[in-house]
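To keep things clear, I will list the structure first and then write my remarks on it.
One-based numbering along the sequence shown.
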Amino acid sequence: MPRPYGLLRAGFPYLKSLGMRRLTNFPIDIALGSEGWMYVLCRQDGTALVRKYSFEDEDGGNFGDVGDDEGKLQWPVSIIADSEENLFISDEALNRISCFSSDGEFISSFGEYGAEKGQLDRPAGLAFDAEENIYVVDSKNHRLQKFTKNGKLILGWGTHGDGEGQFDLPWGITVDELGDVYVADWRNDRVQKFTSEGDFVLEFGRSGAGNGEFNRPTDVTVDLDGDIYVCDRGNNRVQLFNAEAGYVDKFVGDATLSQVAREYMMTNASPNRIRDMAILEPQKLLRQPRSIAVDSEGHLFITDTGSYRIQVYQKEAIHLEPHQFAPPMRSVTLHQE
């Protein structure tokens, strides 16, 4: 489906929260599956697991064992799902990418430590292209590498630095429906965009806390309208940019209790008393969000890592035809009657 000529942005309201501590404990990434299911990668000291979870707050079980052997996880970072809902997980401690079925059965892995072509040093973000080749953010080698699903190297680019096409501990990555590649360049506090062959297209962002500025961005994704979302972890927010990388909006957190959390609270008197004594306003806010995902229905999923939950927003935008959208203006002032 082609991108719209223009958008009437009607709003982007908070929709719901999913999960709670004990279920989605320290969620750091999310892969969207079919029929409302998602796969939430959870990680803390001594624990590394994938929780299958539904849009209706239903727990579908989990898998994952900590260790160094094949099929084990040590310090996972990113999770993606292919068209068959096989799950690929990067592990920065083991310098490998592991593949599991949706039921948690180990299938295969690839990767070894090093700085030569095809080797990895602290792999972080993962993303599929249209052919389901895998882009891997090779973070401490300050580069991207593209592999087949069985681990054969296709191409790579990037060196250490802050110039165009250079990186300083890159982290998150996405590939849009046009094949362009976006990278959250963590320590450079910016996002870079490339063609599928690694040609530099543009960059945006700088260090700071203002609109369009970043403090250690950890993830980036793009929806079917071409809008760009950046997880601005150090500023505890997600920022929205249009397809030309112009700042549009930000999300700082509007959480309410998830359905599963409400059910838990109804059977536990002490947490109810503690919540009654608390100031609730800070409880709504994002705390150290780690990753983001968007689906074809306009849902924005934010892993609210420090609060053990996922916050969900719903995009409301109307696609405009050329006769409904004036040419670019020199300056814009929005008046409200």
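- Interatomic distance, CG of Leu73 versus CD1 of Ile79, reported as 9.0 Å (0.5 Å rounding).
- Interatomic distance, Ser17 OG to Leu257 CG, rounded to the nearest 0.5 Å: 8.0 Å.
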Check step by step if side chain to side chain contact (heavy atoms under 4.5 Å, CB included) holds for Leu144 and Val183.
CA-CA 9 Å; Leu144 306 182; Val183 182; 3.5 Å; yes
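- With a 4.5 Å cut-off on side-chain heavy atoms, Leu240 and Asp227 count as touching.
- For the pair Phe214 and Gly205, the tightest heavy-atom approach, listed with the atom from each and the gap, is CE1-CA, 3.6 Å.
- Glu213 and Ser207 share no donor-acceptor pair across their side chains, judged by distance under 3.5 Å alone.
- We find the CG-CD1 distance between Asp180 and Ile228 to be 9.5 Å, quoted to the nearest 0.5 Å.
- Within the 3.5 Å criterion, the main-chain N or O of Arg237 finds no donor-acceptor partner in the side chain of Asn235.
- In Lys149, the NZ atom is crowded: over 12 heavy atoms of neighbouring residues, nucleotides or ligands sit closer than 6.0 Å.
- Donor-acceptor pairing under 3.5 Å is recorded for the side chains of Gln314 and His299.
- A distance-only check finds no donor-acceptor pair linking the side chain of Arg122 to the backbone of Asn141 [under 3.5 Å].
- A donor-acceptor pair is defined here as one N or O able to donate and one able to accept, closer than 3.5 Å; such a pair exists between the side chain of Gln166 and the backbone of Gly163.
- Residue-environment remark: CD (Glu316) exceeds the threshold of 12 foreign heavy atoms within 6.0 Å.
- Side-chain contact check for Thr148 and Asn150: at least one donor-acceptor pair (N or O, by modelled atom type) lies under 3.5 Å.
- In this structure a side-chain-to-backbone donor-acceptor pair under 3.5 Å is present from Tyr14 to Thr256.
- For the residue pair Glu203 / Gln192, no side-chain donor-acceptor distance below 3.5 Å is found, with atom types taken as modelled.
- Leu169 is listed as a side-chain neighbour of His142, based on a closest heavy-atom distance under 4.5 Å.
- Inspection of the Asp223 and Tyr229 side chains reveals an N or O donor paired with an N or O acceptor under 3.5 Å.
- A donor-acceptor contact under 3.5 angstrom links the side chains of Ser78 and Asp29, judged on distance only.
- Checked by atom type, the side-chain pair Ser34/Glu85 shows a donor-acceptor distance below 3.5 Å.
- Residues Trp157 and Phe194 bring their aromatic ring centres within 6.0 Å.
- Residues Asp199 and Val201 fail the side-chain proximity criterion, which asks for heavy atoms closer than 4.5 Å.
- Using a distance-only test at 3.5 Å, with no hydrogens or angles considered, no donor-acceptor pair links the side chain of Glu263 to the main chain of Val260.
- The closest donor-acceptor contact from the side chain of Gln145 to the backbone of Gly156 lies at 3.5 Å or more, if one exists at all.
- Inter-residue side-chain proximity for Ile28 and Val40 is flagged as unmet; no heavy-atom pair is nearer than 4.5 Å.
- Phe200 CZ: more than 12 foreign heavy atoms inside a 6.0 Å radius.
- Salt-bridge annotation for Lys140 and Glu92: absent, with no side-chain N of the basic residue lying under 4.0 Å from a carboxylate O of the acidic one.
- For Asp103 (side chain) and Glu105 (main-chain N/O), no donor-acceptor pair under 3.5 Å exists by modelled atom type.
- Contact of the Arg216 side chain with the Asp232 side chain is not registered, since no non-hydrogen atoms from C-beta on lie closer than 4.5 Å.
- Without hydrogens or angle criteria, Arg287 side chain to Gly306 main chain gives a donor-acceptor distance under 3.5 Å.
- For the pair Asp225 and Lys315, the salt-bridge criterion is met [side-chain N within less than 4.0 Å of a carboxylate O].
- For the pair Asp138 (side chain) and Asp121 (backbone), a donor-acceptor distance under 3.5 Å is present.
- For the atom pair CD1 (Ile30) and CZ (Phe301), the distance works out to 6.0 Å, reported to the nearest 0.5 Å.
- Using a 4.5 Å heavy-atom threshold, the side chains of Ile173 and Tyr182 count as separate.
- In terms of modelled atom types and a separation under 3.5 Å, the side chain of Asn236 and the main chain of Gln288 share a donor-acceptor contact.
- Residues Thr24 and Arg51 have side chains that never bring a donor and an acceptor to within less than 3.5 angstrom of each other.
- Rounded to the nearest 0.5 angstrom, Gln239 CD and Asp249 CG are separated by 9.5 Å.
- Aromatic pair His319/Tyr5: ring centres not closer than 6.0 Å.
- Side-chain contact between Leu155 and Glu197: present, with at least one pair of heavy atoms (C-beta onward) separated by less than 4.5 Å.
- Side-chain contact check for Thr305 and Tyr308: no donor-acceptor pair (N or O, by modelled atom type) lies under 3.5 Å.
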Could you go through the salt bridge (charged side-chain N to carboxylate O under 4.0 Å, His left out) check for Asp219 and Arg233 one step at a time?
CA-CA 9 Å; Asp219 202 12; Arg233 182 181 183 183; over 6 Å; no
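- The residues Asp91 and Arg96 are annotated as not salt-bridged, no charged nitrogen and carboxylate oxygen being separated by less than 4.0 angstrom.
- Checked by atom type, the side-chain pair Lys250/Asn211 shows a donor-acceptor distance below 3.5 Å.
- Ion pairing of Asp57 with Arg262 is absent here, as no side-chain N (NZ or NE/NH1/NH2) approaches a carboxylate O to less than 4.0 Å.
- Side-chain N/O atoms of Thr174 and Tyr135 include no donor and acceptor closer than 3.5 Å.
- Between Asp254 and Lys284 there is no salt bridge, since no side-chain nitrogen of the basic residue lies less than 4.0 Å from a carboxylate oxygen of the acidic one.
- Considering CG of Asp82 and CD of Glu132, their distance stands at 4.5 Å, rounded to 0.5 Å.
- At a cut-off of 3.5 Å, with distance as the only test, a side-chain donor of Asp68 or Gln74 sits close to an acceptor on the other residue.
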